Participant: 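Take a look at this one; I'll ask things after.
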Amino acid sequence: MAASNNAPSALDKEQIFGMAEKEMEYRVELFNKLTHTCFSKCVDKRYKESELNMGENSCIDRCVSKYWHVTNLIGQLLGSGRPPM
């Protein structure tokens with residue numbers, strides 16, 4: 001007799017681990033793309049100062065906000081199965 005029918009099997013654990021690993025890979029890739037895109041768009045190629053100036057900070061803030069908004073919107077559309085607008 002099995003002790004508990006609710007305990008995940010070894011195969012289930014492997015699938016869960018695999019899904020978590022894919023999710024981490026996706027998050028890292030998303031972060032890297034976001035960083036590259038916003039840095040390229042907002043930061044001057046020739047560094048003049050050791051820290052970001054106010055304009056660069058504002059640009060990066062807006063860029064990141066838009067990037068996350070669009071990423072979430074695409075995820076919702078793909079998850080709902082609806083065709084794009």
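Predicted, not measured: the structure shown is a model, and the values here were computed from it.
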Participant: Are Glu23 and Met19 close enough, and set up right, to give a side-chain contact (heavy atoms from CB on, under 4.5 Å), and what steps lead you there?
Facilitator: CA-CA 6 Å; Glu23 179 71 17; Met19 289 170 53; over 6 Å; no
Participant: Measure from the side-chain N and O atoms of Asp61 to the backbone N and O of Asn57, and report whether any donor-acceptor pair falls under 3.5 Å.
Facilitator: no
Participant: Group every Ile, Leu, Val, Met, Phe, Trp and Tyr by side-chain heavy-atom contacts under 4.5 Å, then state whether Val28 and Val64 land in the same group.
Facilitator: no
Participant: Would you say Trp68 and Phe39 are hydrophobically clustered, going by side-chain heavy atoms of ILVMFWY under 4.5 Å?
Facilitator: yes
Participant: Can Val43 and Ile60 be said to form a side-chain contact (heavy atoms from CB on, under 4.5 Å), step by step?
Facilitator: CA-CA 8 Å; Val43 179; Ile60 289 172; 4.0 Å; yes
Participant: Would you say Leu78 and Val70 are hydrophobically clustered, going by side-chain heavy atoms of ILVMFWY under 4.5 Å?
Facilitator: yes
Participant: How long is the straight-line distance from CG of Leu77 back to CG of Asn72, given to the nearest 0.5 Å?
Facilitator: 11.0 Å
Participant: In terms of heavy-atom contacts, does NZ of Lys48 have more than 12 from other residues, nucleotides or ligands at under 6.0 Å?
Facilitator: no
Participant: Work out which heavy atom in Glu51 is nearest to a heavy atom in Glu56; give both atom names and the distance.
Facilitator: O-OE1, 4.4 Å
Participant: Give a yes/no on whether the SG-to-SG distance for Cys63 versus Cys42 is below 2.5 Å.
Facilitator: no
Participant: How many angstroms lie between CG in Leu34 and CZ in Arg27, if you round to the nearest 0.5 Å?
Facilitator: 12.0 Å
Participant: Can you sort out the partners of Lys33 under side chain to side chain contact (heavy atoms under 4.5 Å, CB included), two or more places apart, ordered by chain and number?
Facilitator: Glu29, Tyr67
Participant: So if you build clusters from Ile, Leu, Val, Met, Phe, Trp, Tyr with side-chain heavy-atom gaps below 4.5 Å, do Leu52 and Tyr47 land together?
Facilitator: yes
Participant: Rounded to the nearest 0.5 Å, how far does SG of Cys38 lie from NZ of Lys66?
Facilitator: 10.0 Å
Participant: Working to the nearest 0.5 angstrom, can you tell me the gap between Lys22 NZ and Phe17 CZ?
Facilitator: 11.5 Å
Participant: Using a side-chain heavy atom cutoff under 4.5 Å and only I, L, V, M, F, W and Y, what cluster partners does Met54 have?
Facilitator: none
Participant: Atom CD of residue position Glu14 - does it have more than 12 heavy atoms of other residues, nucleotides or ligands inside 6.0 Å?
Facilitator: no
